[in-house]
There are 2 protein chains.
Amino acid sequence: MPREKLHIRTLKERYNVGTSPLREALSQLIAKDLVISENQRGFYVSDISIDDLTDIYQARAKIESLCIEMAFQKGDDHWEANALAASHRLNKYSESEHIDMEEWQNRHSAFHKSLVAGCMSPRLLQIRHSLYEKSTRYRNLWLKENISNTETLGINQKEHTELLNLALSRDTEGATRLIEDHILTPVEIIKKSLSQL
Amino acid sequence: MPREKLHIRTLKERYNVGTSPLREALSQLIAKDLVISENQRGFYVSDISIDDLTDIYQARAKIESLCIEMAFQKGDDHWEANALAASHRLNKYSESEHIDMEEWQNRHSAFHKSLVAGCMSPRLLQIRHSLYEKSTRYRNLWLKENISNTETLGINQKEHTELLNLALSRDTEGATRLIEDHILTPVEIIKKSLSQL
DNA sequence: TAATTTAAAAATGTCGACATTATATAAAAG
DNA sequence: CTTTTATATAATGTCGACATTTTTAAATTA
């Protein structure tokens, strides 16, 4: 849980490892902003807050928008084809009988990834991925609320097909506006979940 | 040097530390993309390349542009005042007799920081700072070429005052175009330096 | 009773030894 | 002479013990 103390001894016993690998693992989690450390005072799970939630999602929206804008300039035939394929995979699965949320998430993120891939910038894609990971704890709150919520999923699906069409017609302005809204949609719902904690 | 092997034993002796602190330090450098590690094969200084140079500087240009765009929307009186002050400090120093490059860099980055600070997004500012750090190795090549090059400094200075004016008049389009050019300016020079290595 | 000091307990961070893995060298085979 | 195999050397990564610091608890003082 956020703010929770991470005791070295406890973690060593739980994962059956020594000091070194554990501390290095914690170092990696610090790099991901999931853990913070105070000198000589140990490690803690990073805190969450509405301010942080808002900031991360707004940054994500802007970065995604930027990647898409660049992708629309640089994207070639292969980019279009891959986006089309990813959209198809997501579409088909969204219409299927039983939806496994993990598989849906895989296809969902694969679709968005196929769109931004066209920007051809490793660094921007890395930044985007990093922000996506940082938003995971908040996104999980959204998933708990919206598990098997077919209505929300339906709206989502409409936006995805529209996004693909905007991509194929290279409508930068329309796509950037839509993607920013698309990403920011869950924020209000998550804010409520956060308040209830 | 890029690609150089980092021997644990050597580093331990050089810095007079044990295994753990050294490996944790390396972990932090990995997070900054300055060092890479291959499992069971040790640590290496990250490579540099023209592709990487180009990608980093283009990403920086886009992020800086984004921050400025947002700052122009959200910036208040204090933001304007701080930018004005930072601009003044940079201006005065650029006109002074003897220029210490380190002090000039401090005032230079302080000026740009004062502009983007108005975007009010900790995450975006963090991303911006991280990219700036990643570009340091390339920027140092530029500094070696342009140490005490008053001509380059003069052009730079013009752009800075123009940037401030665009900020005070909230000319988003003009400012974003200028800042992107401003950041990308050194790229061609650095490319040449890189080729000569 | 509250605040401060002192002592005990627990936790962190560092070290050097050791086991495992990769690399370099020499020997053997094709 | 080249390629393969076997051996020796060197380097990495892991572990548990130890020293230092922080936290908790008890005792003393005002």
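So you know, we letter chains A, B, ... as the sequences are listed, proteins then strands, and number each from 1.
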Dump every N/O contact between nucleotides 21-25 of chain D and the protein below 3.5 Å, one line per pair.
from   : atom 1 : to      : atom 2 : distance (Å)
D:dT23 : OP1    : A:Arg41 : NE     : 2.5
D:dT23 : OP1    : A:Arg41 : NH2    : 3.1

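Contacts of A:Leu6 with the nucleic acid, taken as non-hydrogen atoms under 4.0 Å apart, involve only primed sugar atoms and P, OP1 or OP2.
Comment: B:Arg107 engages B:Glu103 in a salt bridge, judged by a side-chain N to carboxylate O separation of less than 4.0 angstrom. Between A:Lys192 and A:Glu188, none of the side-chain N atoms (NZ, or NE/NH1/NH2) sits under 4.0 Å from a carboxylate O, so this pair counts as no salt bridge. Contact check on A:Glu162 versus A:Lys158 returns no salt bridge, with no Lys/Arg side-chain nitrogen under 4.0 Å from an Asp/Glu carboxylate oxygen.
Remark: A:Arg139 qualifies as a cation-pi partner of A:Tyr132 under the 6.0 Å distance and 45° angle criteria applied to the six-membered ring.
Chain A approaches DNA chain C over the interval C:dA11 to C:dT14, counting the first and last nucleotide 5' to 3' with an atom under 4.0 Å from its heavy atoms.
In terms of the side chain to side chain contact (heavy atoms under 4.5 Å, CB included) criterion, residue partners of A:Ile30 (sequence neighbours excluded) are, by chain and number, A:Val35, A:Ser37, A:Phe43. With sequence neighbours excluded, the residues satisfying salt bridge (Lys or Arg N to Asp or Glu O under 4.0 Å) with A:Arg128 are A:Glu64. With sequence neighbours excluded, the residues satisfying salt bridge (Lys or Arg N to Asp or Glu O under 4.0 Å) with B:Arg123 are A:Asp33, A:Asp52.
Put simply, the residue from A:Arg89, A:Gln157, A:His108, A:His160 that forms a side chain to side chain donor-acceptor pair (under 3.5 Å) with A:Ser94 is A:Gln157.
Without hydrogens or angle criteria, A:Trp79 side chain to A:Cys119 main chain gives no donor-acceptor distance under 3.5 Å. B:Ser169 places a side-chain N or O within donor-acceptor distance of the main-chain N or O of B:Asn165, the cut-off being under 3.5 Å.
Using a 4.0 Å cutoff on non-hydrogen atoms, the parts of residues 12-24 of chain B near DNA chain C are B:Val17, B:Gly18, B:Thr19, B:Ser20, B:Pro21, ordered by number.
Spacing between atom NZ of B:Lys5 and atom P of D:dA11 amounts to 8 Å, rounded to whole angstrom units.
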